[in-house]
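Order of the sequence lines fixes the chain letters, A, B, ..., with proteins taken first and strands second; residue numbering starts at 1 for each chain.
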Number of protein chains: 2
Amino acid sequence: MTEQKLAIGQVAQQTGLSVDTLRYYEDLGLLDPIERAPNGHRRYGPRDLTRIDFLKRLRATGMPISQMQHYVALYRAGDSTIRERREMLEAHLDSVLAQIDMLEETRTLLERKIHAYLQQEGHSP
Amino acid sequence: MTEQKLAIGQVAQQTGLSVDTLRYYEDLGLLDPIERAPNGHRRYGPRDLTRIDFLKRLRATGMPISQMQHYVALYRAGDSTIRERREMLEAHLDSVLAQIDMLEETRTLLERKIHAYLQQEGHSP
DNA sequence: CCTTGACCTGGAGTGCACTCCAGGTTGTAT
DNA sequence: ATACAACCTGGAGTGCACTCCAGGTCAAGG
């Protein structure tokens, strides 16, 4: 019962991406062409899942798809692109840190406003 | 020279929103109708700027415009909506915290990957 | 048998948040 | 006087990232 090749629906469930999105990402070249079962159905292996997780994270933190495509293209091109890949990740890290800052500031603002509202609710509930 | 009413271009500069976006937000009711100079040009007061800053933060942290419209509508409706406004802000705060978590995880992942790449660059620079 | 559900393809459609444009007025600088 | 920049309106257009659809194949269950 310990399957290691998953159907697209199962991958969708596990990753939270939709079936459509998984095929879409493959079309865009973000995923390598997925292995097929004899009936033509996709079978995702562990490495595909790892890739999907990474991509999901990049998207969730605001990297545009075009950049992810570039990154994957570099990855495919081999070791000579390591430096550029690192630089891309560094740039994205900067963006992630900036987002964290913005979110932390907003967090404080929201907490203050919520607190103020709670005060007002206390005065005339 | 200490003006307190600003033209739309100045507001755009200060806030980082575009002139178009400022008019767009006003159309959507996110901003109250902006005061006009005799020539019909908008003059933004300090309260408008405060509002814009708040809206900007909500957007930057992922609140959809439709929700911001709802919040502003509640605000206009007066004190009886304080509770619902607080609940909205609490919900958004939850989302902000979740985003921070995701970003922190991704930050760690990126730092690890960058580190690994630096290692590899060290071996055959 | 035959229905059901998960999968397939290629291509069209959607929602969001802007962004741009045409055509026009006004106030300031040369 | 005139050129120029900044503003105005209403409406059309854009880019992104999906999401949906029609029409079809295939395997298992009743």
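- For Ala7(A), the listed nucleotide lying nearest its side chain is dC7(C); candidates were dA17(C), dC7(C), dA17(D).
- You'll find that the side chain of Ile8(B) is closest to dC8(D), out of dC18(D), dT19(C), dC8(D).
- For Arg59(A), a side-chain nitrogen or oxygen approaches OP1 or OP2 of dC18(D) to under 4.0 Å.
- One can place NZ of Lys5(A) at 18 Å from C1' of dC7(C), the figure rounded to the nearest angstrom.
- Among the nucleotides dA17(D), dC21(C), dC18(C), the one closest to any side-chain atom of Ile65(B) is dC18(C).
- Residue Arg23(A) has a polar side-chain atom (N or O) positioned under 4.0 Å from OP1 or OP2 of dC8(C).
- The distance from atom CD of Gln13(A) to atom P of dA6(C) is 10 Å, rounded to the nearest whole Å.
- Using a 4.5 Å heavy-atom cutoff, the side chains of Lys113(A) and Phe54(B) are in contact.
- For Arg59(B), the side-chain hydrogen bond (donor to acceptor under 3.5 Å, both in side chains) criterion is met by no residue, not counting sequence neighbours.
- In this structure the side chain of Leu89(A) reaches within 4.5 angstrom of the side chain of Tyr71(A), judged on heavy atoms.
- Note: the hydrophobic cluster containing Ile65(B) also contains Val96(B) (ILVMFWY, side chain heavy atoms under 4.5 Å, direct or indirect links).
- Atom OH in Tyr24(B) sits roughly 16 Å away from atom P in dA12(D) (whole-Å rounding).
- The shortest non-hydrogen separation linking Glu26(B) to Tyr44(B) is OE1-OH, 4.3 Å.
- Residues from residues 32-43 of chain A lying near DNA chain C, meaning a heavy-atom separation below 4.0 Å, are Arg36(A), Gly40(A), His41(A), Arg42(A) in numerical order.
- Nearest-nucleotide positions on DNA chain C for Ser66(B) and Gly9(A) put Gly9(A) closer to the 5' end.
- Close to dA17(D), at under 4.0 Å from its OP1 or OP2, lies no side-chain N or O of Tyr25(A).
- Between the C1' atom of dC18(C) and the CG atom of Leu22(B) lies a distance of 12 Å, rounded to the nearest Å.
- Atom P of nucleotide dC16(D) and atom CG of Leu30(A) are separated by 14 Å, given to the nearest angstrom.
- In this entry the distance linking CD of Gln67(A) with C1' of dG15(D) reads 15 Å, nearest Å.
- Distance Leu31(B) CG to dC18(C) C1': 15 Å, rounded to the nearest Å.
- For the pair Leu28(A) CG and dT19(D) P, the computed distance is 13 Å after rounding to whole Å.
- In this structure the side chain of Tyr117(A) reaches within 4.5 angstrom of the side chain of Glu121(A), judged on heavy atoms.
- Counting heavy atoms from C-beta outward, Arg76(B) and Asp32(B) have side chains that approach closer than 4.5 Å.
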